[in-house]
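For reference, the structure discussed in these notes is given below.
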Amino acid sequence: MDSSFVLSDDDYDVISNPGQRSLESSIADLHHIPSLTTYELPPSDAARERLSAVALSPVDIQAYVRNALNVSSAGKYPRDNRTLRVYVDGVFDVLTVGHAHQLRQAKLSFPSVHLIVGVLSDEHCRAHNTTPHFSHLERCELMRHCRWVDEVLPDAPWTVNDRFIIDKRIDYLALEEGSSVNPEFDKERLKGYDVAKRLGRVLPTRMTAGLTAAPLLVSYNASEDDPPFRELAEMVLEQPGHNTFTHPPLKTPTTTSADSKTHSLDALEAMKALEAMSNELAERCAGKQK
């Protein structure tokens, strides 16, 4: 091999240790590589008209956050375009449009954001009188598939503190406006946000008006004598011809028109009975909630 094609020690030093060249100048060489952006489908006209936060553009969101931070006694909107680490936490047991809009606003609050989402564990939730209906694993997986999320923290603390913020290198916490006066928002969790707010490290996201009320999910204790659906299941199992593992075999119709009419009436009565059982179950769920 021609010795002119052999790299010298100095050549290796240029590759592994560029000497006086700074990290910033090295990164600048990558300007030709396009940055990853989150593609967003345009909202429908109906969504724009009904849901208040849908029409907020990135410029609108950043102007709102800039104004909120600049009027704060401790915070100032950063002037550089470095990537900022923004944190949002929650149970996310039922992911609503409101959650999605909050995550979107947090992601677009600065020109470049690394959005971290903390998912509160089942143990934390139960310790604070909240019982998730979906497992912690499923709730984390749900967040992982959200287009705005860059990182999921499964071990999120119930109350954020300065040590957590420093360890995770969090620049800002995103909090929906009105949370401090919302009676459903846990007061212990708010304490952590209050400390960060005094340091100018909380950015506001706007609540979405026009949303449908979230579905009511009722929690039941495993020790209940009569849990939901048990009675309904038993009633179905008691029906003639029911098989737990397979459906009854289809029979070749050999009935007359009169017999068919009778069978149709039987099917109608069965549907009415099932509807009555469903209504009864709904009433029992409502009673549990009171």
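Counting only residues at least two apart or in different chains, salt bridge (charged side-chain N to carboxylate O under 4.0 Å, His left out) contacts with residues 112-127 comprise Asp122-Arg139, Glu123-Arg126. Pairs of residues two or more places apart, or lying in two chains, never qualify as salt bridge (charged side-chain N to carboxylate O under 4.0 Å, His left out) while including a residue from residues 56-70.
Grouped with Val54 in one hydrophobic cluster are Leu51, Val97, Leu211, the linkage being side-chain heavy-atom contacts under 4.5 Å among Ile, Leu, Val, Met, Phe, Trp and Tyr residues.
Remark: Arg104 CZ to Cys146 SG distance equals 11.5 Å, nearest 0.5 Å. Atom CZ of Arg201 and atom CG of Leu69 lie 9.0 Å apart (nearest 0.5 Å). Atom OG1 of Thr208 sits about 11.5 Å away from atom CZ of Arg50, to the nearest 0.5 Å. Remark: Thr96 OG1 to His101 NE2 distance equals 9.0 Å, nearest 0.5 Å. If you take CG on Leu199 and CD1 on Ile165, they are separated by 7.5 Å, rounding to the nearest 0.5 Å. Separation of atoms CG (Asp93) and NE2 (His99) is listed at 9.5 Å; rounding is to 0.5 Å.
By the salt bridge (charged side-chain N to carboxylate O under 4.0 Å, His left out) test, Arg206 is found to be paired with no residue, residues two or more places apart in sequence or in another chain being considered. The side chain to side chain contact (heavy atoms under 4.5 Å, CB included) search around His124 returns Ser121, Trp158, not counting sequence neighbours. Shown here are the side-chain hydrogen bond (donor to acceptor under 3.5 Å, both in side chains) partners of Arg48, two or more places apart in sequence or in another chain: there are none. In terms of the salt bridge (charged side-chain N to carboxylate O under 4.0 Å, His left out) criterion, residue partners of Arg144 (sequence neighbours excluded) are, by chain and number, Glu141. Asp167 is linked by a side chain to side chain contact (heavy atoms under 4.5 Å, CB included) to Arg163, counting only residues two or more places apart in sequence or in another chain. Residues that satisfy the salt bridge (charged side-chain N to carboxylate O under 4.0 Å, His left out) test with Asp45, not counting sequence neighbours, are absent from this structure. Not counting sequence neighbours, the partners of Ser135 by the side-chain hydrogen bond (donor to acceptor under 3.5 Å, both in side chains) test are Glu138. Contacts of Arg169 classified as side-chain hydrogen bond (donor to acceptor under 3.5 Å, both in side chains), with partners at least two apart in sequence or in another chain: none.
Val202 and Tyr193 get closest at one heavy-atom pair: CG2-O, 3.6 Å. For Leu84 against Pro78, the heavy-atom pair with the smallest separation is CD1-CG, 3.4 Å. Considering every non-hydrogen atom in both Thr130 and Pro132, the closest pair reads O-CD, 3.5 Å. Scanning all heavy atoms of the two residues, the minimum distance from Lys76 to Asn70 falls at NZ-O, 3.5 Å. In plain terms, the two heavy atoms of Arg147 and Leu41 that are nearest each other are NH1-N, 3.6 Å. Annotation for Lys107 and Trp148: closest pair CD-O, 3.5 Å, computed over non-hydrogen atoms.
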>> Under the criterion side-chain contact (heavy atoms from CB on, under 4.5 Å), I'd like the reasoning laid out for His128 against Leu120: C-alpha separation, chi angles, the key distance, then a yes or no.
In response: CA-CA 11 Å; His128 295 84; Leu120 301 173; over 6 Å; no

> Can you list the steps and then say if Val160 with Lys168 is a side-chain contact (heavy atoms from CB on, under 4.5 Å)?
Replying inline: CA-CA 11 Å; Val160 296; Lys168 300 302 181 183; over 6 Å; no

> So Glu177 and Met207, side-chain contact (heavy atoms from CB on, under 4.5 Å) or not? Walk me through it.
Replying inline: CA-CA 6 Å; Glu177 288 184 328; Met207 184 181 298; 5.8 Å; no

Acceptor/donor pairs from residues 109-119 side chains to any protein atom, 3.5 angstrom cut, sequence neighbours excluded:
unit_1, atom_1, unit_2, atom_2, d
Ser109, OG, Ala106, O, 2.7
Ser112, OG, Thr83, OG1, 2.6
His114, NE2, Glu151, OE1, 2.8

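Salt-bridge annotation for Asp150 and Arg85: absent, with no side-chain N of the basic residue lying under 4.0 Å from a carboxylate O of the acidic one.
If you chain together hydrophobic residues whose side chains sit under 4.5 Å apart, Val88 and Tyr64 never meet in one group. Hydrophobic clustering, with ILVMFWY side chains joined whenever heavy atoms are under 4.5 angstrom apart, groups Tyr172 together with Leu103. Note: the hydrophobic cluster containing Val91 does not contain Val149 (ILVMFWY, side chain heavy atoms under 4.5 Å, direct or indirect links). Both Leu153 and Leu175 are members of a single hydrophobic cluster when ILVMFWY side chains are connected at heavy-atom separations under 4.5 Å. By the rule that hydrophobic residues join a cluster once side-chain heavy atoms approach within less than 4.5 Å of another member, Val86 and Tyr77 end up as members of one cluster.
At a threshold of 4.5 Å between non-hydrogen side-chain atoms, the residues Gln105 and Leu203 do not count as touching. Counting heavy atoms from C-beta outward, Lys187 and Leu190 have side chains that approach closer than 4.5 Å.
With hydrogens and angles ignored, the 3.5 Å screen pairs no side-chain donor or acceptor of Asn161 with any backbone N or O of Gly192.
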